[in-house]
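These notes are about the structure you will find just below.
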Amino acid sequence: MPLVAESKYQPPFYLFNGHLQTIVPSLWRTVPGVQYERERVETEDGDFLDLDWSRQPTGGPATDTLAIVSHGLEGDAGRPYVRGMVRALNQAGFDALAWNYRSCSGEMNRLLRSYHLGDTGDLDFVVRYALGTGRYRRVLLTGFSAGGNVTLKYLGENSARVPAEVARAAVFSVPTDLRASSHHIGRFENRIYLKRFMKTLREKMRQKAALLPGQVDLTDLELLQNFPEFDDRFTAPMHGFASAEEYYAHASSGRYLSGIRVPTLLVNAQNDPFLPPSCFPRDVAAASPHVFLETPTDGGHVGFGEGAPDGAYYSERRAVEFLTSEVPG
């Protein structure tokens with residue numbers, strides 16, 4: 001019954017609520033000491049993905065383990081929470097690969113599509129591409145928020161597809177119920193987050209329309225005020241779904257958790273402003289020998305800061321602990 005009975009996370013005194021625990025790390029954290037080497041790879045459908053590698057130093061101990069980090073909605077490999085995790089994984093002796101979703105690397109992708117929260121095909125492509133280099137015998141997966149949802153869905157929707165080299169996973173702040181989460185973030189007290197997301201999503205639609213003239217209808221774009229409206233208008237039809245409701249039903253990782261067959265840690269803070277109660281799958285974790293659910297009282301959304309804003313974070317320490325322990329938990 002992998003329900004983590006008690007979380008060890010304690011926020012610093014100055015991060016005394018979920019909003020501060022969410023906002024301060026996002027705006028003021030810096031993570032020195034991470035050096036990426038970017039590689040662009042062509043996908044089978046004629047698009048591309050930009051991969052940011054952070055390998056062990058040349059001349060140092062070699063590693064046969066790679067940790068793959070998946071970022072959150074409208075994020076990228078340069079975000080502080082990704083860089084912090086990459087740094088921690090490197091310090092633990094692993095190579096790390098932070099991949100950027102289509103349209104998230106600083107250059108718009110080529111096709112009349114983007115990324116979405118249930119798109120496990122690109123993660124599978126990245127895993128297999130990394131294994132195809134011949135350098136790695138073991139793969140670990142980490143992810144935040146949207147990237148956590150993709151990771152969980154990937155592991156659970158068809159466990160036979162997951163390469164045997166994928167050994168463990170640790171994910172944080174995951175909206176396992178996308179329908180409920182999409183409405184939850186629209187609450188009055190969350191308007192600051194929603195406004196920021198909608199601004200970048202609208203801008204990407206403008207970029208897509210400029211790249212593909214006549215293929216994207218921007219009529220009333222500015223009138224779209226929340227995720228269900230945007231997803232119904234753009235995300236769903238661009239990715240083969242009839243509606244936002246169908247997209248949420250297909251893409252929510254919660255429905256696939258029971259299919260996970262590798263030890264997987266899910267850490268969702270109880271005061272996460274993005275997550276409604278349905279994103280704390282206690283019953284599934286209690287019944288699964290593989291899904292470990294930890295629900296600290298504090299942490300915010302993709303927060304989990306400890307001490308100084310630019311220091312190590314609980315999410316990084318916890319991920320390394322879980323990914324390297326002989327007995328998970």
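Positions are given from 1 along the sequence.
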* Side-chain heavy-atom pair D217, R233 within 4.5 angstrom cut-off -> yes

* Take atom CD in Q10; do more than 12 heavy atoms of anything else shown fall under 6.0 Å from it? -> no

* Asked: If Ile, Leu, Val, Met, Phe, Trp and Tyr residues are connected whenever their side-chain heavy atoms lie under 4.5 Å apart, and connections chain through other members, are Y81 and Y313 in the same group?
  -> no

* Does one hydrophobic cluster hold both M205 and L111, with members joined at side-chain heavy-atom distances below 4.5 Å? -> no

* Under 3.5 Å side-chain donor-acceptor pair for N90 and S54 -> yes

* Go through the steps for L140 and L66 under the test side chain to side chain contact (heavy atoms under 4.5 Å, CB included), then give the verdict. => CA-CA 6 Å; L140 309 171; L66 174 69; over 6 Å; no

* Heavy-atom distance under 4.5 Å between the side chains of V216 and R206, does that happen here? -> no

* Kindly say whether G254 contributes a backbone atom to a donor-acceptor pair with the side chain of S252 at under 3.5 angstrom? => no

* N/O donor-acceptor pair under 3.5 Å between D95 side chain and Q56 backbone -> yes

* In chain order, what residues pass the side-chain hydrogen bond (donor to acceptor under 3.5 Å, both in side chains) check against T133, with sequence neighbours excluded? -> none

* Structure fact -> Residues at least two apart in sequence or cross-chain that pass ring pair (Phe, Tyr, Trp, His ring centres under 6.0 Å) with Y36, listed by chain then number, are none

* Would Y248 and D231 count as having a side-chain donor-acceptor pair, cut-off 3.5 Å? -> yes

* Side-chain touch W99/S70, heavy atoms, less than 4.5 angstrom -> yes

* Where the side chain of N268 meets the backbone of V174, is there a donor-acceptor pair that is under 3.5 Å apart? -> yes

* Asked: Between R83 and G78, what is the shortest heavy-atom contact and its length?
  -> CD-O, 3.2 Å

* Asked: Is the side chain of R87 donor-acceptor paired with the backbone N or O of V82 at a distance under 3.5 Å, no angle test?
  -> no

* Distance (rounded to the nearest 0.5 Å) between I68 CD1 and L123 CG -> 6.5 Å

* Do R55 and E37 have side chains that get closer than 4.5 Å, going by heavy atoms? -> yes

* Can you pull the side chain to side chain donor-acceptor pair (under 3.5 Å) pairs that have at least one residue in residues 116-129, sequence neighbours excluded? -> E39-Y129, R102-D122, R113-D119, T120-E157, T120-R161, D124-R128, D124-Y154

* To do: Please name the pair of heavy atoms, one in T63 and one in T65, separated by the smallest distance, quoted to 0.1 Å.
  => OG1-N, 3.1 Å

* To do: Dump the intermediate steps for side chain to side chain contact (heavy atoms under 4.5 Å, CB included) on F94 and T324, then the final yes or no.
  => CA-CA 10 Å; F94 307 137; T324 59; 3.5 Å; yes

* Nearest 0.5 Å please: distance from the CG atom of L201 over to the CG atom of L224. => 10.0 Å

* Asked: Can you name the closest pair of heavy atoms from D52 and A77 and give their distance?
  -> OD2-CB, 3.2 Å

* To do: Mark yes or no for whether D232, through its side chain, and S243, through its backbone, hold a donor-acceptor pair below 3.5 Å.
  => no

* Asked: So, D50 and S105: side-chain donor and acceptor under 3.5 Å apart, yes or no?
  -> yes

* Examine distances only and state if a side-chain atom of R29 and a backbone atom of G311 form a donor-acceptor pair shorter than 3.5 Å. => yes

* To do: Decide yes or no for P281 and L293: does some side-chain heavy atom of the first lie under 4.5 Å from some side-chain heavy atom of the second?
  => yes

* To do: Mind running side chain to side chain contact (heavy atoms under 4.5 Å, CB included) on Q225 and M198 for me, showing each step along the way?
  => CA-CA 7 Å; Q225 298 299 313; M198 292 302 298; 6.0 Å; no

* Under the 3.5 angstrom rule, does the side chain of E246 hit a backbone N or O of A242 as a donor-acceptor pair? -> yes

Name every donor-acceptor pair, under 3.5 Å, that has one atom in a side chain of residues 271-280 and the other anywhere in the protein, sequence neighbours excluded.
from	atom 1	to	atom 2	distance (Å)
N271	OD1	G299	N	3.3
N271	OD1	G300	N	3.0
N271	ND2	Q21	OE1	2.9
N271	ND2	D298	OD1	3.3
D272	OD1	F274	N	2.8
D272	OD1	H301	ND1	3.0
D272	OD2	H301	ND1	2.8
S278	OG	D177	OD2	2.9

* **Shared hydrophobic cluster for L112 and F241 (ILVMFWY, side-chain gaps under 4.5 Å)** => yes

* To do: Might you point out which heavy atoms bring Y115 and C104 nearest each other, and give the distance in Å?
  => CE2-SG, 3.4 Å

* Pairwise ring pair (Phe, Tyr, Trp, His ring centres under 6.0 Å) hits with a residue in residues 164-189, at least two apart -> F144-F172

* Structure fact -> Nearest heavy-atom approach of V302 to S145 is CG2-CB, 4.1 Å

* To do: Could you verify whether a donor N or O on one side chain and an acceptor N or O on the other, from T200 and E74, lie under 3.5 Å apart?
  => yes

* Asked: Going by atom types alone, do R168 and S325 pair a side-chain donor with an acceptor below 3.5 Å?
  -> yes

* Indicate yes or no for a side-chain donor-acceptor contact from D220 to the backbone of L223 under 3.5 Å, with no hydrogens or angles considered. => no

* To do: Given side chain to side chain donor-acceptor pair (under 3.5 Å), test N149 with S253 step by step and report yes or no.
  => CA-CA 5 Å; N149 188 76; S253 61; 2.8 Å; yes

* Asked: Within a strict 4.5 Å, meaning less than it, do heavy atoms of the F304 and P11 side chains meet?
  -> no

* Asked: Are any side-chain N or O atoms of S182 and backbone N or O atoms of R179, one a donor and one an acceptor, separated by less than 3.5 Å?
  -> yes

* Structure fact -> Heavy atoms of R196 and L27 approach each other most closely as NH1-CD2, 4.0 Å

* Intermediate values then yes/no, side chain to side chain donor-acceptor pair (under 3.5 Å), S7 and E294 -> CA-CA 6 Å; S7 176; E294 180 177 338; 2.6 Å; yes

* May I ask you to check whether Y101 and H71 place their ring centres under 6.0 Å from each other? => yes

* **Flag if over 12 foreign heavy atoms under 6.0 Å of CD, Q35** => no

* Quick one: side chain to side chain contact (heavy atoms under 4.5 Å, CB included) partners of A169, sequence neighbours excluded? -> L141, T151, L155, T264

* Quick one: does NZ or CZ of R317 land under 6.0 Å from the six-membered ring centre of Y9, within 45 degrees of the ring axis? -> no

* To do: Applying side chain to side chain donor-acceptor pair (under 3.5 Å) between N109 and each of K208, K204, Q207, report the one that passes.
  => K208

* Asked: Does any non-hydrogen side-chain atom of V166 lie less than 4.5 Å from one of V127?
  -> yes

* Asked: Can you check side chain to side chain contact (heavy atoms under 4.5 Å, CB included) on L97 and V126, steps first, answer last?
  -> CA-CA 9 Å; L97 169 56; V126 170; 3.7 Å; yes

* To do: For E316 and A312, indicate whether the former's side chain and the latter's backbone hold a donor-acceptor pair under 3.5 Å.
  => no

* Asked: Y256 vs H250 aromatic rings, parallel, tilted or perpendicular, using cut-offs 30° and 60°?
  -> perpendicular

* To do: Indicate yes or no: at least one non-hydrogen side-chain atom of R110 is less than 4.5 angstrom from one of L212.
  => no

* Structure fact -> CG (L257) and NZ (K153) are apart, to the nearest 0.5 Å, by 12.0 Å

